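First the structure, in the form of structure tokens, and then the observations on it.
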There are 2 protein chains.
Amino acid sequence: MKTSTIIIEDNVEYCNEIIEKLRLIENVQVLGCFHSLEDALAFLDRGQTADFFLVDIGLPGMDGISGIGEILMRNPETKIAMLTIFDDKELVFNALKNGACGYLLKGESEGRFQKAIEEIVSGGGFFTPSIAQMVLKFFRKKPFSKHKITKREKEILQLMSDGLAKKQISDRLFISYSTVDSHVKNIYKKLHVNCGVQAVMKANEEGLI
Amino acid sequence: MKTSTIIIEDNVEYCNEIIEKLRLIENVQVLGCFHSLEDALAFLDRGQTADFFLVDIGLPGMDGISGIGEILMRNPETKIAMLTIFDDKELVFNALKNGACGYLLKGESEGRFQKAIEEIVSGGGFFTPSIAQMVLKFFRKKPFSKHKITKREKEILQLMSDGLAKKQISDRLFISYSTVDSHVKNIYKKLHVNCGVQAVMKANEEGLI
DNA sequence: CGAAAAATCCCGTGTTTACGGGATTTTTTG
DNA sequence: CAAAAAATCCCGTAAACACGGGATTTTTCG
């Protein structure tokens, strides 16, 4: 059974290019293409659907990123891949957050393109190396933390992130409130923040906890 | 110039298997293999190095995950890929956090294995489809938020996560302190938390912000 | 239109925080 | 060993928070 596919891309020329590429991939059957997200959503609202959507990110009207959410709201099982010339960090992560299964750069070689599509329709995820690189960087703890937090401080930061008050932390660690307070003060200084929320957020971002 | 490669794997048999596979890949030159991380670190401490390390995750003595950090501490430019039979979520993310460039399952087909290695040594990242799937799930916003936060609440949550105090938020949004206080109270109720840190953390986890 | 949801506002109180100033005792490590 | 780093403890105060109780006005939407 082939994977029914819809393309959403406003540039007609490029659209045809993609269709040609997709024709070469077995297991994929192109149902058609729309030139705006609104059209595609109307299609879904008519009760019709597809297994796989290939969506351009820079569409007139509703943009691709918002579109992902809309499509998934109507059909949560759909697989969606973004198609774009940009590899902007924010865009990529926003797309992923909204539920995209993959992110393809338009310049991708034919082989890579095919490979990626195959992975996605078969239920896997796919990142081109540059996207994978971004994801790696995202996860990677920052260079052994300019902010050299001590073991105890890290421990306390962790409990803070669980929502414990200083008093509760002191009880948990069998130390006095004053000690916790001191540690917290030091943490704030090291992270250059001045409240718990910021501290926990920053620690989180920097992979300290 | 070939990528000098070191394998760290305690199972001698499997180690040889890997070497055989790597021999087939041009651009890769296997320097040798160690059967424990300690040995590999000693090698590095002797001033020698390699471009690429392939590290088993389940080693006796120091485990692979901790090892990543140690290796990178001695040679930050090194590329590291984990080799394992498990695709446990925690392990994968911990490896990535510590700086791994890829994560390969031992059962991987020869073709995939080769592909993955090629991507990694050429500076890209690589995720097998199952790992990519995990990463996707990680990013994906949770099922349209059981916790239906309103627009305003989301806005306030965002400012909270920036470390703003309620007073500052009220100034920023041109509303009174009381109003912010009310919104915050509602947020706490909806998220079942009772302090700002928890609220922001939870919102963060659930992809609400 | 008319009800429900969201957004706005106020008061009061006890608790907790942030942060300034200290000081002492372990632990680590060159 | 001796210095440095980490962990422990105390006091005091102004500010901010959590949370209970309200109430009114917009917006949204069937």
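In this text, all values refer to a predicted model and were calculated from it rather than measured experimentally.
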Is the phosphate of dA5(D), meaning OP1 or OP2, less than 4.0 Å from a side-chain N or O of Thr150(A)? no
Ser178(A) side-chain N/O to dT8(D) phosphate OP1/OP2 under 4.0 Å: no
Nucleotides 13-30 of chain D: protein proximity per nucleotide (B base, S sugar-phosphate only, - neither; heavy atom, under 4.0 Å): ---SSBBBB---------
Only one of Leu83(A), Val135(A), Ile57(A) clears side-chain contact (heavy atoms from CB on, under 4.5 Å) with Tyr103(A); which? Ile57(A)
Among Ile117(A), Thr84(A), Ile18(A), Ile131(A), whose side-chain contact (heavy atoms from CB on, under 4.5 Å) with Leu104(A) holds? Ile117(A)
How close or far is atom [atom2] of [N] from atom [atom1] of [X], stated in whole angstroms?
X	N	atom1	atom2	result
Lys154(A)	dA5(D)	NZ	C1'	18 Å
Asn186(B)	dC9(C)	CG	P	14 Å
His183(B)	dA5(C)	NE2	P	17 Å
Ile149(B)	dA7(C)	CD1	P	10 Å
Ile156(A)	dT17(C)	CD1	P	12 Å
Ile169(A)	dT17(C)	CD1	C1'	12 Å
Leu173(B)	dA7(C)	CG	C1'	12 Å
Asp171(A)	dT16(C)	CG	C1'	14 Å

So Phe127(B) and Phe127(A), would you call those rings parallel, tilted or perpendicular, with 30° and 60° as cut-offs? perpendicular
Using 30° and 60° as the class boundaries, would you call the ring planes of Phe138(A) and Phe138(B) parallel, tilted or perpendicular? perpendicular
Would you say Lys2(B)'s side chain and Gln29(B)'s backbone share a donor-acceptor pair under 3.5 angstrom? no
Test your reading of the model: is there a side-chain donor-acceptor pair from Ser4(B) to the backbone of Asp51(B), 3.5 Å cut-off? yes
Could you measure the distance from the CD atom of Glu9(A) to the NZ atom of Lys106(A)? Nearest 0.5 Å is fine. 4.0 Å
Let's see if you can work this out: which of dA7(C), dC10(C), dT8(D) has an atom nearest to the side-chain heavy atoms of Thr179(A)? dT8(D)
